[in-house]
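A short worksheet on the structure shown next.
Model, not experiment: these values are computed from the prediction. Scope of the values below: all heavy atoms of this structure, side chains included, with no hydrogens, waters or symmetry mates.
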Amino acid sequence: MSSELNIKNYFECAKELTLKAGEIFICGFEGPKNVETKDHEWDLVTDYDRKIENLLIKGLKEKFPDHEFIGEETVASYKETPVLTDKPTWIIDPIDGTINFVHSLPFTCISVGLTISKEIVAGIIYNPLMSELYTAIKGQGAYLNGKRIKTSNITELKKALIEYELFSLRSTSRNRDIKAGRFDAVVNATRGVRFIGSAAMALAYLAKGAVDCLQMDNLCAWDVAAGVLIVREAGGTVIDTKEEKYNLMKPNTIAAANDTLASEIRQLIVDTDLKILRKRLTRA
């Protein structure tokens, strides 16, 4: 079997399991759930996170026993930094946007990405509450419920709607002055700012043209693995906030409808950070 057929087979199996997991997702969203905190009061996990991750990993292992897995809740339980290898590796977030899930806000989803030789080759983002299934296989385009999707045609930041992460503005955040400076710059440079509360959902919305760009640092691989491919296959761009190469395992992320918009956001971030650092020096 060719590599392309292998990937198609992997993808179809994962899609079937993800749809099945969606039934558990809806039950948890509508009914009672056990909620725990992890490292921070805003870092939540429910019994449904674990149920969904277990279903996906067990089902994929049965079909593909030689594959590797990086699941958010599995990593949290072992408290070890995952290492991405060249083996086929499933990167899973069973519920991205757990706070939304707990508070019955329907911007939340299941995210499943597949890497081979450390390259993302398949992605699935599923919001069963809105019956939205976003999918992509490398080189074959991006789809919402089987219909081809494309990023927007916005190329100017002043006309863009940006998804921007707000957790970093907490008073306890490291380098809060830099994060606050960035936020101020983004608010003044764009048409509007949104914070959906799920990186995976935000990337899916970017892929279908509902938002034009996104900037989030300090994410995890499971937050972005599927969404990065879906955005790229929809015609968009994903780059590191400052570094030359995008690192899936340390994803400081700028995603945009096109290269022009991505470059403008990066330059805004670089200039703003430099301005804040100069202010620090004058105070010293």
Who are the ring-ring contact (aromatic ring centres under 6.0 Å, His included) partners of [X], not counting sequence neighbours?
X: Phe25; value: Phe101
X: Phe64; value: Tyr10, His67
X: Phe183; value: Tyr164

Hey, could you give me each pair passing salt bridge (charged side-chain N to carboxylate O under 4.0 Å, His left out) that has a residue in [range]? Not counting sequence neighbours.
range: residues 9-31; answer: Lys8-Glu12, Glu12-Lys15
range: residues 99-113; answer: none
range: residues 244-261; answer: none

Residues in side chain to side chain donor-acceptor pair (under 3.5 Å) with Asn252, at least two apart?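 Side chain to side chain donor-acceptor pair (under 3.5 Å) check on Asn252 returns nothing, list empty.
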
Return a table of donor-acceptor pairs under 3.5 angstrom between the side chains of residues 102-125 and protein atoms on other chains or two or more places apart.
{"unit_1": "Thr108", "atom_1": "OG1", "unit_2": "Asp96", "atom_2": "O", "d": "3.1"}
{"unit_1": "Thr108", "atom_1": "OG1", "unit_2": "Gly97", "atom_2": "O", "d": "3.3"}
{"unit_1": "Glu119", "atom_1": "OE2", "unit_2": "Lys138", "atom_2": "NZ", "d": "3.2"}

Cut-off 3.5 Å, no hydrogens considered: what does the side-chain donor-acceptor table look like for residues 228-235, sequence neighbours left out?
{"unit_1": "Arg232", "atom_1": "NH2", "unit_2": "Val238", "atom_2": "O", "d": "3.1"}
{"unit_1": "Glu233", "atom_1": "OE1", "unit_2": "Gly139", "atom_2": "N", "d": "3.2"}
{"unit_1": "Glu233", "atom_1": "OE1", "unit_2": "Gln140", "atom_2": "N", "d": "3.1"}
{"unit_1": "Glu233", "atom_1": "OE1", "unit_2": "Gly141", "atom_2": "N", "d": "2.7"}
{"unit_1": "Glu233", "atom_1": "OE2", "unit_2": "Gly139", "atom_2": "N", "d": "2.8"}

Asp177/Lys279 salt bridge by N-O under 4.0 Å criterion: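 Judged by the 4.0 Å cut-off on N to carboxylate O distance, Lys279 and Asp177 do not form a salt bridge.
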
With clusters built from Ile, Leu, Val, Met, Phe, Trp and Tyr whose side-chain heavy atoms come within less than 4.5 Å, directly or transitively, what are the remaining members of the cluster of Leu274, listed by chain and number?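 Cluster partners of Leu274: none, it stands alone.
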
Considering only Ile, Leu, Val, Met, Phe, Trp and Tyr, and joining two whenever side-chain heavy atoms are under 4.5 Å apart, list the other residues clustered with Ile178.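 Its cluster mates, by chain and number, are Ile276, Leu277.
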
Output a table of donor-acceptor pairs, distance under 3.5 Å, between side-chain atoms of residues 201-216 and any protein atom two or more places apart or on a different chain; print 'none' if there are none.
{"unit_1": "Lys208", "atom_1": "NZ", "unit_2": "Tyr134", "atom_2": "OH", "d": "3.3"}
{"unit_1": "Asp212", "atom_1": "OD1", "unit_2": "Ser152", "atom_2": "OG", "d": "2.7"}
{"unit_1": "Asp212", "atom_1": "OD2", "unit_2": "Leu161", "atom_2": "N", "d": "2.7"}
{"unit_1": "Gln215", "atom_1": "NE2", "unit_2": "Asp217", "atom_2": "OD1", "d": "2.9"}
{"unit_1": "Gln215", "atom_1": "NE2", "unit_2": "Thr241", "atom_2": "OG1", "d": "3.1"}

